[in-house]
2 protein chains.
Amino acid sequence: MLLRIDHVGVACVSLEPAIERYTSVFGLALVSRETNEEQGVREAMLATADGSSYVQLLEPLAPDTPVGKFLARRGEGMHHVGYAVADVMAALEAIGGRGVRLIDQRPRHGSMGASIAFLHPADLGGVLTELVQPHPREVHET
Amino acid sequence: MLLRIDHVGVACVSLEPAIERYTSVFGLALVSRETNEEQGVREAMLATADGSSYVQLLEPLAPDTPVGKFLARRGEGMHHVGYAVADVMAALEAIGGRGVRLIDQRPRHGSMGASIAFLHPADLGGVLTELVQPHPREVHET
């Protein structure tokens, strides 16, 4: 069901120095910047060399957003992991039937046109887990 | 330099229920179990469907190990992210020259015969970051 790790989401206080770090230290390519008002974040996607996985940098739009609260509680660092799936609706239905609580009952809009949904970390060993059905145009064959 | 996300390392109190969760909820395939005395962990590698990335579950061998201390401080959850590289020694030299402190000056033995090295999270926005040069026999072309 999980095709691959699509991205790791990294919470940061400020997006620009984090982008600078990942591009200059690791040579990752900045491929997208977006503001997602619904999720309360400014974000940047940086692609690894083979184009199959990303680092997603997340800066909160305000302290009372999920990422803002995460930063206040735990500081900067890994926030979630996202797995690519072929069909996020089908995956949600299957996983919900296996006793894992769904944060999103239905897919919503994610980065770069993806359909995404989050699963509850309390049922997954403390790991905030995202399902990502990439936008068809964003699928890179590797 | 970073080819793709190779794995996410997940700290757990007990390996068996964590393996059961990832195999039953997500259908991941258990591909390796190892005990790494040097790192103080029992671990399991579970492969995603396309075989290019893994969930690495980590159970500490004792409380006074790095993962044991992590669990005491933060509880279960994501511990680190590992990126595949073609040449871990060359990557370490390049990254060390860019002002990032190296936890490992030289590669050491990782999961499934890989050569690995960790970078210091304090220089990487709180993200404990691992470089992974997979064992040649473990590279799956996808």
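What's counted below: heavy atoms across the whole structure, side chains too, no hydrogens, waters or symmetry copies. In what follows, every chain begins at residue 1, and chains take the letters A, B, ... in the order their sequences are listed.
Not a single donor-acceptor pair under 3.5 Å links the side chain of R42(A) to the backbone N or O of L15(A).
Remark: E20(A) CD to L57(A) CG distance equals 12.0 Å, nearest 0.5 Å.
Side-chain atoms of L28(B) and T48(B), non-hydrogen and from C-beta on, do get closer than 4.5 Å to each other.
Only the side chain of T129(A) comes within less than 4.5 Å of a heavy atom in chain B; its backbone stays farther off. Only the side chain of V10(A) comes within contact range of chain B, judged by heavy atoms closer than 4.5 Å. The parts of V25(B) that come within reach of chain A are both its backbone and its side chain, each placing non-hydrogen atoms under 4.5 angstrom from that chain. Contact annotation for V8(A): both backbone and side-chain heavy atoms come within less than 4.5 Å of a heavy atom of chain B. With a 4.5 angstrom heavy-atom cutoff, V55(A) touches chain B only via side-chain atoms.
Annotation for I103(B) and L119(B): closest pair CD1-O, 3.7 Å, computed over non-hydrogen atoms.
Chosen from L124(A), D6(A), L128(A), the residue pairing most often with chain B at heavy-atom distances under 4.5 Å is L124(A). Most heavy-atom pairs under 4.5 Å with chain A, from the set V127(B), I95(B), I5(B): that is I5(B).
In the hydrophobic cluster analysis, where Ile, Leu, Val, Met, Phe, Trp and Tyr join through side-chain heavy atoms closer than 4.5 angstrom, L58(B) is grouped apart from L61(B).
Under the 3.5 Å distance criterion, with hydrogens and angles disregarded, no donor-acceptor pair is assigned to the side chains of H79(B) and Q56(B).
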